[in-house]
Amino acid sequence: MADTKALTTRAADFSAWYNELIARAELADYSPVRGCMVIRPNGYAIWEQMQRALDQMFKDTGHQNAYFPLFIPQSFLAREAEHVEGFAPETAVVTHGGGKELEEPLVVRPTSETIIYSMYAKWIQSYRDLPVLINQWANVVRWEMRTRLFLRTTEFLWQEGHTAHATEAEAEEEARRMLGVYRTFMEEWMAMPVVTGRKTDSERFAGAVRTYSCESLMQDNKALQAGTSHNLGQNFARAFEVTFQTASGDLDHVWNTSWGVSTRLVGALIMTHGDDAGLVTPPRLAQYQVVIVPIYRTDDERATVLEAAERVKRELAGAGVRVHLDARTGMKPGAKYYEWEGRGVPLRLEIGPRDVAAGAVVLVRRTGGKKETLPVEGIAARIPQEMERMQTALLETARARVEAATIRGATKEQFLQHIDGSGGFVYAGFCGRAECEAEIKEQTKATIRVLPDPEYRSPEPPATCMWCGLPSVAEAVWARAY
RNA sequence: CGGGGUGUGGCGCAGUCCGGUAGCGCGCCUGCUUUGGGAGCAGGAGGUCCCGGGUUCGAAUCCCGGCGCCCCGACCA
């Protein structure tokens, strides 16, 4: 960063680009604790926008927020066999408190199914108590081997929804509904296209009956699991004896779901839209949607320009636009341009003496194109339109990129060529056998991201497994993943 | 945990081979001039050279032992 002011390009080294972008935009920083990051104000602002949108969507679908403890008695994890097998190796365990060794060690939650369902057992007695629809915003800890800012850190922020239902069908409907909520959020807010579908058993959440996922493809053509929704069946209900009396008087176990997205989404946003100049934030998630840069020479000009800039700012703010006036002195306009571009601000307005005289402003879009002079008159209507257009264009651009990196109906040879070549999604037939899946992973590092939902499937269902040639039981989407 | 790399002002690095008391760029502070795409000049602040031993008149530099961090693998939202 010393001798060169430009970021490493994505083409030269995607990973370096990613890290440099985060540093440059001041989204996050490494902390004194290995694997743990500090989310800086600019990064946290994005997470807050995400939280706000998602929280509203959860509430609109009938959920309430609650909060459960950070610590979980170690024995709780062990109650669900698959669950403990999946999570025990990556837990942080507290053995001492107040200077004394604890009777029972406490696990720092890697996820909260166990402690939440232990409480549901107390709260649920009757079918009249169902469904229970709770979400929690929390931090969790998973002791990962290798970490990457936002994508995989030892501690991360997320939300986890946990619901209990009277019937299997209702739980399934809930799991699917929340997958849909995630998809909507990712497409409409993040402008990030996803493929939804079911995970194979080997990629399933530890303790779930079925796991659904939103998978997205980053600019380096590696897939990222962006959100998951699990149908837990009665596995946890049995482990924690969450029972209820049905209308007919029988005792039954509840049917659970859990679903979550994390601060990983910030990483997904970076790798979906970022360019060689830095972050690109879709308007709906931007901390500042518009930044105004005043330009002047003399003190007189400065006063005039700032007055005009303040007027524009007020007008935009009045129209609900998140706008920032960068009135810092001693910094040349060009320096400000680079800084705000690096931070991903969607739109920039430049106001100088010429513009003030003409009753105009200069509009510059983060995603390129020519500078455009606009009349100040009507700006409060014009800017929201620009943002809408950019929001839509970002999604379309990303869609086209993913489409270009996707092949369908692939043979084994085409699959290998694609995975080892430019990379991306490969849609092809799958025999359904775990051995086949494992062999592919071992030899190519590619995994089945999802068995796609109907709307993503190819018109012609594949007849045979792309790898072993046995009859195909489902179309699968393969990719190398983060 | 295996392989590779690296620890020197806030950041990025040089200096290490060949020991002589720490330097460069960026950033930061002050002042003046600047400001339509990363300003210039002048002055200034800031360092246990990762830690602990050893060798030496003398160690950032040589030797021994630790530790941290980064990258690549196995694991993962």
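FYI, side chains are in, hydrogens and waters are out, and symmetry mates aren't considered; it's all heavy atoms of this structure. Everything numeric in this text was worked out from a predicted model, so none of it was measured. Letters A, B, ... mirror the listed sequences (proteins, then strands); counts begin at 1.
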Original post:
Are Arg433(A) and Glu435(A) ion-paired here, with the side-chain N under 4.0 Å from a carboxylate O?
Top reply: yes
Subject >> Minimum heavy-atom distance Met57(A)-Val181(A), with the two atoms named >> reply: CE-O, 3.5 Å
Original post:
When you measure from the centre of the six-membered ring of Tyr212(A), is the NZ or CZ of Arg198(A) under 6.0 Å away and within 45° of the axis?
Top reply: no
**OP:** Indicate yes or no: does Glu339(A) engage Arg343(A) in a salt bridge with an N to O separation below 4.0 Å.
**Re:** yes
Original post:
Do you see a donor-acceptor pair shorter than 3.5 Å between the side chains of Thr257(A) and Thr163(A)?
Top reply: yes
Subject >> Check: Glu350(A)/Tyr337(A) side-chain N/O donor and acceptor closer than 3.5 Å >> reply: yes
Subject >> Distance in angstrom units between Phe87(A) CZ and C75(B) P, rounded >> reply: 15 Å
Original post:
Are Thr196(A) and Asp453(A) linked by a side-chain donor-acceptor pair shorter than 3.5 Å?
Top reply: yes
Subject >> Donor-acceptor pair present, Lys371(A) side chain and G37(B) base, under 3.5 Å >> reply: yes
**OP:** Grab the stems for RNA chain B, please: at least three consecutive Watson-Crick or wobble pairs, both distances below 3.5 Å, written as range with range.
**Re:** B:1-7 with B:67-73, B:10-13 with B:23-26, B:28-33 with B:39-44, B:50-54 with B:62-66
Original post:
Is there a stack between Trp158(A) and A77(B), judged by ring centres under 5.5 Å and planes under 30°?
Top reply: no
Subject >> Distance-only donor-acceptor test (3.5 Å): side chain Glu341(A), base G37(B) >> reply: yes
Original post:
Base, sugar-phosphate, or nothing for Pro353(A), non-hydrogen atoms under 4.0 angstrom?
Top reply: base
**OP:** Pick base, sugar-phosphate or nothing for Gly352(A), based on heavy-atom distances below 4.0 Å to the nucleic acid.
**Re:** base
Original post:
Can you tell which of G38(B), G36(B), A77(B) lies closest to the side chain of Asp355(A)?
Top reply: G36(B)
**OP:** Kindly indicate, with the supporting measurements, whether the criterion side chain to side chain donor-acceptor pair (under 3.5 Å) is fulfilled by Arg449(A) and Thr447(A).
**Re:** CA-CA 6 Å; Arg449(A) 305 317 304 159; Thr447(A) 50; 2.7 Å; yes
Subject >> side-chain hydrogen bond (donor to acceptor under 3.5 Å, both in side chains) partners of residues 58-80 of chain A, not counting sequence neighbours, each pair once >> reply: Asp55(A)-Lys59(A), Asp55(A)-Asn65(A), Gln56(A)-Asp60(A), Thr61(A)-His63(A), His63(A)-Glu174(A), Asn65(A)-Asn135(A), Tyr67(A)-Arg109(A), Ser75(A)-Glu104(A)
Original post:
Which residue pairs pass the ring-ring contact (aromatic ring centres under 6.0 Å, His included) test with at least one member in residues 344-372 of chain A, sequence neighbours excluded?
Top reply: none
Original post:
What's the verdict on side chain to side chain donor-acceptor pair (under 3.5 Å) for Gln51(A) and Trp137(A), showing C-alpha distance, side-chain angles and the deciding distance?
Top reply: CA-CA 9 Å; Gln51(A) 278 186 300; Trp137(A) 290 97; over 6 Å; no
Original post:
Roughly, in whole Å, what's the span from CG in Asn139(A) to C1' in A77(B)?
Top reply: 14 Å
Subject >> Under-4.0 Å salt bridge between Arg177(A) and Glu172(A) >> reply: no
**OP:** Quick one: label Val293(A) by what it contacts on the DNA or RNA (base, sugar-phosphate, nothing), any heavy atom closer than 4.0 Å.
**Re:** nothing
Subject >> Arg311(A)/Glu307(A) salt bridge by N-O under 4.0 Å criterion >> reply: yes
Original post:
Checking all strands, does Leu151(A) fall into the base, sugar-phosphate, or nothing category for heavy-atom contacts under 4.0 angstrom?
Top reply: base
Enumerate the protein-to-nucleotides 67-72 of chain B contacts in which both atoms are nitrogen or oxygen and the separation is below 3.5 Å.
from   : atom 1 : to        : atom 2 : distance (Å)
C72(B) : OP2    : Arg146(A) : NH2    : 2.1

Subject >> RNA chain B-proximal residues of residues 201-237 of chain A, any heavy atom under 4.0 Å >> reply: Gln225(A)
Original post:
Within the stacking criterion (centroid distance below 5.5 Å, interplanar angle below 30°), does Tyr338(A) stack on G38(B)?
Top reply: yes
**OP:** In whole angstrom, give the distance that lies between atom NZ of Lys445(A) and atom P of G73(B).
**Re:** 7 Å
**OP:** Would you kindly say whether Gln287(A) and Arg322(A) are connected by a side-chain donor-acceptor distance under 3.5 Å?
**Re:** no
**OP:** Would you kindly give the CG-to-C1' distance between Leu149(A) and A77(B), to the nearest whole Å?
**Re:** 15 Å
Original post:
To the nearest angstrom, how far is Arg24(A) atom CZ from G12(B) atom P?
Top reply: 13 Å
Original post:
Charged N to carboxylate O below 4.0 Å: is that the case for Glu341(A) and Lys336(A)?
Top reply: no
Original post:
Atom CZ of Arg480(A) to atom C1' of C75(B): distance rounded to whole Å?
Top reply: 17 Å
Original post:
C1(B) P sits how many Å from Trp143(A) CH2, rounded?
Top reply: 13 Å
Original post:
Nucleotide by nucleotide, 5' to 3', does protein get under 4.0 Å of the base (B), only the sugar-phosphate (S), or neither (-) in nucleotides 29-35 of chain B, counting heavy atoms?
Top reply: ------B
